[in-house]
Amino acid sequence: MIQPRTLKGFRDHLPAQALVRERVLDVARRVYRSYGFAPIDTPALEYLEILTGKGSEETDKQLYRFTDHGGREVGMRFDLTVPFARFAAQHVNELGLPFKRYHMATVWRGENTQRGRYREFMQCDFDAIGTTSPVADLEMVLVVHDLLVAIGIERFKVRVNDRRVLAGVLGRLGLAERATGVLRSLDKLGKATAEAVAAELEGQGVAGPAVATLLEMVALAGPADEVLGRLHDMAGDGPGTAGVESLRGIVAGAAAAGVPVGRVVVDPGIARGLDYYTGIVLESFLDDLPGLGSICSGGRYDDLAGLYTKQPLPGVGASLGIDRLLAGLEELGRGGGPETPADVFLAYFGPAHLADYLKIAAALRRAGLAVEFFPEARKLGQQLKLASKRGFPAALVIGGDEFQAGTAQLKNMASQDSTIIAWHGDADALAAAVRVALGRPGSPARTSG
RNA sequence: GUGGUUGUAGCUCAGUUGGUUAGAGCACCGGUUUGUGGUACCGGGGGUCGCGGGUUCGAGUCCCGUCAGCCACCCCA
């Protein structure tokens with residue numbers, strides 16, 4: 001016997017989790033589309049040269065790579081941004097600019113695992129390229145906000161900052177050359193203590209007063225107006241000011257779009273390790289699980305596809321880490337749920353009325369209800385027990401007695417109540433009555449979005 | 001990748017200073033006169049103690065390796 005097992009960092013998804021997962025994906029799809037982002041897809045495998053050298057040296061190490069049957073050097077995508085850059089360079093002429101796309105797909109990274117960190121996971125990216133408009137920046141924030149709200153999360157924060165502000169401050173401190181290292185150290189503040197970060201900065205050769213200024217900057221918190229005012233003072237004139245003004249626009253725009261005050265927070269501590277960001281950067285955290293890390297991050301970049309085309313493609317985008325979010329929801333006790341996607345369990349009493357059951361099931365489906373018709377004529381008690389375990393909201397019991405009387409028994413599995421429906425052989429009438437009983441009157445919902 | 005920690009039935013765990021056929025609760029299957037579920041009672045299936053070596057008369061219990069989970073570093077979703 002071969003032992004059934006899965007690779008480190010790779011997982012199976014059982015129905016209860018897979019249903020939550022698909023629900024979140026549906027929500028993300030709906031929200032992205034509601035802003036006009038169009039779906040795209042790209043291959044899981046790319047030529048190795050497409051993937052290497054684009055990310056950091058770190059991603060090169062984590063890359064799953066091999067030689068295919070045709071002797072080609074290939075790699076599995078480790079994010080959706082690099083394939084999108086290739087895609088954009090290859091298809092700009094067909095796409096037209098600006099172009100907004102979303103892409104929800106699996107990516108692979110051969111790094112060490114941890115809760116919420118896997119070797120195979122899914123990202124839900126959305127980007128707008130070919131525009132430097134502040135509106136595009138604002139939309140990113142709005143999408144992230146709408147997305148988390150639509151998923152059903154109330155307690156979260158979208159933290160925004162602007163690389164130009166950081167650059168301005170670093171420039172005044174004479175640290176422009178060492179920006180990457182300094183930002184990386186500052187990025188640790190959430191986890192490490194201020195003392196540790198200060199020590200690390202000094203280790204990099206940053207002077208004491210500069211360290212103090214940096215720590216003061218990243219510790220800024222409170223009303224956006226005050227934070228931005230202080231940042232303005234610290235960043236001085238030039239690009240730093242542009243960054244501050246841009247953030248001011250984000251805060252004002254979010255308010256205008258109806259985002260509750262306090263949901264979008266200006267946080268000078270958000271730096272993002274990735275060094276290709278040039279403008280706004282954003283991360284989002286669950287209030288109840290700050291240690292989980294950012295579940296949706298992104299920012300603005302000057303040029304997406306410089307490695308693949310001469311045409312400059314500035315853009316702004318972000319990515320929802322659905323697997324990390326799901327790990328968080330589960331930890332918050334929101335991972336459980338029904339194990340079936342169906343609305344109605346139709347019990348089976350035997351072949352005598354098989355044709356009738358099939359008609360009834362078909363009518364229910366026409367009415368927009370998902371039905372599981374049990375394929376075995378087991379004892380009714382067993383069937384109901386299974387239906388209950390699976391989390392069906394309702395069960396339809398129609399045996400010899402019911403067919404005789406022209407009725408049906410609709411059981412509410414949660415409350416154990418049952419109602420008798422008279423249908424007299426009219427399956428569509430029965431389906432309509434079931435719809436009403438399940439609290440979904442009217443015509444079947446049209447599937448859109 | 002580095003360091004630490006854990007690994008006994010589907011799940012949560014017990015398993016005495018290494019010693020006869022490895023236990024419990026929940027879950028699962030069946031039954032309590034054959035059309036009604038989450039409660040009660042009865043019965044049942046299921047574990048080569050992650051895997052592989054080693055020490056020993058004898059290892060779930062000690063040692064090494066390996067695989068996997070978790071935590072920290074790193075990086076990030």
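Letters A, B, ... are given to chains in the order of the sequence lines, protein chains preceding strands, and every chain is numbered from 1.
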Using a 3.5 Å cut-off and no angle test, enumerate the donor-acceptor pairs between side-chain atoms of residues 128-145 of chain A and protein atoms at least two apart in sequence or in another chain.
residue: T131(A); atom: OG1; partner: S133(A); partner atom: N; Å: 3.0
residue: S133(A); atom: OG; partner: V135(A); partner atom: N; Å: 2.9
residue: D137(A); atom: OD1; partner: R300(A); partner atom: NE; Å: 2.8
residue: D137(A); atom: OD1; partner: R300(A); partner atom: NH2; Å: 2.8
residue: D137(A); atom: OD2; partner: R300(A); partner atom: NE; Å: 3.4
residue: E139(A); atom: OE1; partner: K100(A); partner atom: NZ; Å: 2.9
residue: H145(A); atom: NE2; partner: R263(A); partner atom: NH1; Å: 3.0

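The aromatic rings of F84(A) and F99(A) lie tilted to each other, with the angle between the two planes from 30° to 60°.
Rounded to whole Å, the separation between the C1' atoms of rG25(B) and rU66(B) comes to 33 Å. rG35(B) and rG47(B) have their C1' atoms separated by 38 Å, with the value rounded to a whole Å. Across rU5(B) and rA9(B), the matching C1' atoms stand 24 Å from one another, rounded to whole Å. Rounded to a whole angstrom, the distance from the P atom of rU8(B) to that of rC49(B) is 11 Å.
Remark: aromatic rings of H353(A) and F349(A) are distant, center separation not under 6.0 Å.
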Note, RNA chain B 5' to 3' with Watson-Crick or G-U pairs under 3.5 Å encoded as ( ), [ ], | and . gives (((((((..((((.....[...)))).(((((.......))))).....(((((..]....))))))))))))....
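Side-chain atoms of D125(A) do not come within 3.5 Å of backbone N or O of S319(A) as any donor-acceptor pair.
At a non-hydrogen distance threshold of 4.0 Å, F349(A) from residues 342-356 of chain A come into contact with RNA chain B.
One cannot find a donor-acceptor pair under 3.5 Å joining the base of rU36(B) and the side-chain atoms of K379(A). In terms of polar N and O atoms assigned as donor or acceptor, the side chain of R115(A) never comes within less than 3.5 Å of the base of rC71(B) in a complementary pairing.
Across all strands shown, G381(A) has heavy atoms under 4.0 Å from sugar-phosphate atoms exclusively, and none from any base.
When the C1' atom of rG35(B) is taken as reference, atom CG of L396(A) falls 14 Å away, rounded to whole Å.
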